[in-house]
2 protein chains.
Amino acid sequence: MLDPVSRVRRFNRAVTSAVGALDTSFLGRGRPLGAARVLNAIGHGRSDVAEIRDYLGLDSGLMSRLLRSLEDEGLVETIAHEDDARRRVATLTRAGRREFAAYEALSNTQAESFLAQHSQREALLAAMDLIASALTRERVTLDEMDPRSEQARYCLGEYYGELGRRFKQGFDVSLSRDPDAKDMRRPRGTFIVAISDTLPIGCVGLKGTDHGYAEIKRLWVAPAARGLRLGRRLMEMTEDAARGLGIKLLRLDTNSALAEAGQLYRRSGWSEIPRFNDDPYPDLFFEKRL
Amino acid sequence: MLDPVSRVRRFNRAVTSAVGALDTSFLGRGRPLGAARVLNAIGHGRSDVAEIRDYLGLDSGLMSRLLRSLEDEGLVETIAHEDDARRRVATLTRAGRREFAAYEALSNTQAESFLAQHSQREALLAAMDLIASALTRERVTLDEMDPRSEQARYCLGEYYGELGRRFKQGFDVSLSRDPDAKDMRRPRGTFIVAISDTLPIGCVGLKGTDHGYAEIKRLWVAPAARGLRLGRRLMEMTEDAARGLGIKLLRLDTNSALAEAGQLYRRSGWSEIPRFNDDPYPDLFFEKRL
DNA sequence: CATGATGTCTGACTTTAGTCAGGCATATTA
DNA sequence: TAATATGCCTGACTAAAGTCAGACATCATG
């Protein structure tokens with residue numbers, strides 16, 4: 001009753017019946033679940049037939065028939081792939097987009113009414129983020145992005161917010177060195193965002209300098225995604241990118257209040273060096289030769 | 001991407017595929033999911049056919065056929081109900097128990113491997129408890145129990161632990177008045193435990209005294225279950241029980257560090273009174289006339 | 001350009017899930 | 001005790017999901 005395994009299983013049971021309810025709500029639109037799922041997959045931007053089949057785990061025969069039924073309803077059109085005419089690409093027609101919007105509205109209403117029923121909103125959302133990240137951690141993708149992109153800016157906002165909470169003296173971006181986006185774009189550097197099923201859950205910047213080294217900046221992992229070794233993955237990918245850019249020496253600064261970060265650096269081949277800038281926040285400095 | 005509704009929906013997607021994986025793992029035992037579910041329902045102690053049907057949401061014809069197929073496999077036996085020969089009671093045969101144990105092992109392994117993959121075990125479990133409680137809150141049952149039962153003792157242990165954390169001076173049961181179990185049994189009093197799908201998530205004691213009143217003691221709601229108005233439900237049920245026992249006056253003591261509790265009492269018709277005992281921990285005293 | 005590989009489609013299935021109308025035995029009630 | 005209700009069962013269906021073999025067009029390669 002009280003051991004960890006029972007708690008996980010209780011969660012599974014609770015969630016199974018909730019998921020079942022969501023599925024049946026999708027049946028209200030007068031088409032079987034299989035067809036609804038295909039329609040929604042297309043609506044969410046999966047257009048390659050093989051990709052959809054793979055995502056939904058369908059047999060190719062079944063997939064083909066479901067697509068046909070959606071075509072007969074006038075919701076979907078399929079055309080041959082540009083580069084390879086054997087592959088097919090599915091898109092929604094105008095009617096298909098309307099129908100997809102109706103499913104979206106259903107899902108949104110369901111999610112809203114779930115939230116409306118519970119007073120512990122923030123705690124609940126944080127718990128959901130944590131579990132969703134844990135469940136999808138194999139499917140976390142690390143993508144290079146522009147540091148000015150929406151996802152990158154979201155990560156940076158969360159990062160600054162967290163520094164503000166963890167530093168005794170608070171944190172003011174303007175006091176720290178300017179997070180110059182230009183230096184975190186190829187070919188001078190790069191910016192990497194970890195995405196778990198559309199939600200950004202971590203980031204790191206590689207910032208080129210003119211001093212013979214590049215800096216690692218703004219390593220952040222969402223609280224919900226800690227414990228998944230995401231920091232390590234982000235660092236490894238950044239180092240690989242740096243090598244690819246011909247960078248030979250990396251440096252970074254951090255603060256001893258961020259204990260996890262310091263540990264991560266020490267464990268992955270970084271060595272402490274004397275202060276190399278006059279930024280007011282950091283009190284720990286590292287470097288790594290590639 | 002970042003609004004609450006999207007976060008809920010991301011959670012739904014993550015969990016849907018996890019649940020699907022559990023379902024398919026159940027197919028490995030060579031029988032359809034429907035039959036496996038019935039077998040497991042019986043294994044978990046649901047014996048009345050109507051109860052199982054209701055729990056699994058099955059049509060009576062389908063239910064009957066699934067039972068037949070399990071009988072044909074030699075896993076289940078059904079007999080007429082003692083009190084009403086129209087109703088049927090299903091039990092597992094020896095082979096059925098073996099098969100049920102195999103399903104249990106599958107579920108346990110799945111849960112264990114999920115836990116083993118994640119370093120944030122406690123946070124993850126707490127998040128799962130929270131969500132499971134939120135999802136099943138309509139199905140929380142309040143049961144009168146012996147205060148010495150396993151479930152009651154678990155609640156009390158959690159309750160004392162929490163007092164220890166929230167009181168500046170800590171909390172030592174032995175210093176407080178003895179939680180005499182005898183006085184929390186009928187006809188002198190009672191003890192109520194809130195159970196959400198096998199997990200105890202709250203409790204309250206009604207303790208008879210010889211001073212013309214009864215006391216409410218040990219009101220506790222698990223952190224994972226807060227915000228569901230469970231405290232109120234527990235108090236209401238206790239007051240009903242007290243009325244049933246002919247009790248006219250209720251008293252309770254609490255500590256101002258437990259702000260939620262004080263609020264709950266004030267909002268539900270209790271009035272503050274002067275100290276009526278010399279227990280070292282409480283500093284707030286209430287009474288309510290029934 | 002022949003050969004084999006790949007991606008999709010169709011036809012011909014099977015299995016699973018679910019529905020509905022009665023039937024039968026047993027209980028309840030007027 | 002006759003009428004009615006209840007609980008479970010069977011037969012006869014339908015719908016949905018899933019499987020498999022082979023057809024066909026297209027692509028990659030020696």
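Each chain gets a letter, A, B and so on, in the order the sequences are listed, and its residues count up from 1.
In this structure, CG of B:Asp54 is placed 11 Å from P of D:dC8, rounded to the nearest angstrom. Rounded to whole angstrom, the span from the CD atom of B:Glu71 across to the C1' atom of D:dC9 amounts to 11 Å. Rounded to a whole Å, the CG atom of B:Leu56 is 17 Å from the P atom of C:dT16. Counting to the nearest Å, the P atom of C:dA25 and the CZ atom of B:Arg88 are 13 Å from each other. Whole-Å rounding puts the B:Met63 CE to C:dT16 P distance at 17 Å.
There is a side-chain donor-acceptor pair under 3.5 Å between A:Glu71 and A:Thr78.
Listed by first and then second residue, the salt bridge (charged side-chain N to carboxylate O under 4.0 Å, His left out) pairs that reach into residues 10-22 of chain B are A:Asp129-B:Arg10, A:Asp197-B:Arg13, sequence neighbours excluded. Pairs passing the side-chain hydrogen bond (donor to acceptor under 3.5 Å, both in side chains) check and including a residue from residues 45-59 of chain A, sequence neighbours excluded, read A:Asp48-A:Arg87.
Applying the side-chain contact (heavy atoms from CB on, under 4.5 Å) criterion to B:Arg229, with sequence neighbours excluded, gives B:Arg232. With sequence neighbours excluded, the residues satisfying side-chain contact (heavy atoms from CB on, under 4.5 Å) with B:Arg97 are B:Leu92, B:Arg94. Taking the side chain to side chain donor-acceptor pair (under 3.5 Å) definition, one finds that A:Arg86 meets it with A:Asp84, sequence neighbours left out. Judged as a side-chain contact (heavy atoms from CB on, under 4.5 Å), and not counting sequence neighbours, the contacts of B:Arg188 are B:Asp183, B:Asp210.
For DNA chain D, the residues of residues 40-53 of chain B within the heavy-atom distance limit of 4.0 Å (strictly under) are B:Val49, B:Ala50, B:Arg53, sorted by number.
Taking side-chain N and O atoms only, A:Arg87 has no distance below 4.0 Å to OP1 or OP2 of C:dT8.
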When you check every protein heavy atom under 4.0 Å of nucleotides 14-30 of chain D, what one-letter string (B, S, -) results, 5' to 3'? --SSBBB----BBS---
For residues 27-43 of chain B, tabulate all N or O donor-acceptor pairs below 3.5 Å that involve a side-chain atom, not counting sequence neighbours.
residue: B:Arg29; atom: NH1; partner: B:Glu99; partner atom: OE1; Å: 3.0
residue: B:Arg29; atom: NH1; partner: B:Glu99; partner atom: OE2; Å: 2.5
residue: B:Arg31; atom: NE; partner: B:Glu73; partner atom: OE1; Å: 3.3
residue: B:Arg31; atom: NE; partner: B:Glu73; partner atom: OE2; Å: 2.8
residue: B:Arg31; atom: NH1; partner: B:Glu99; partner atom: OE2; Å: 3.0
residue: B:Arg31; atom: NH1; partner: B:Tyr103; partner atom: OH; Å: 2.8
residue: B:Arg31; atom: NH2; partner: B:Glu73; partner atom: OE1; Å: 3.0
residue: B:Arg31; atom: NH2; partner: B:Glu99; partner atom: OE2; Å: 3.4
residue: B:Asn40; atom: ND2; partner: B:Ala36; partner atom: O; Å: 2.8

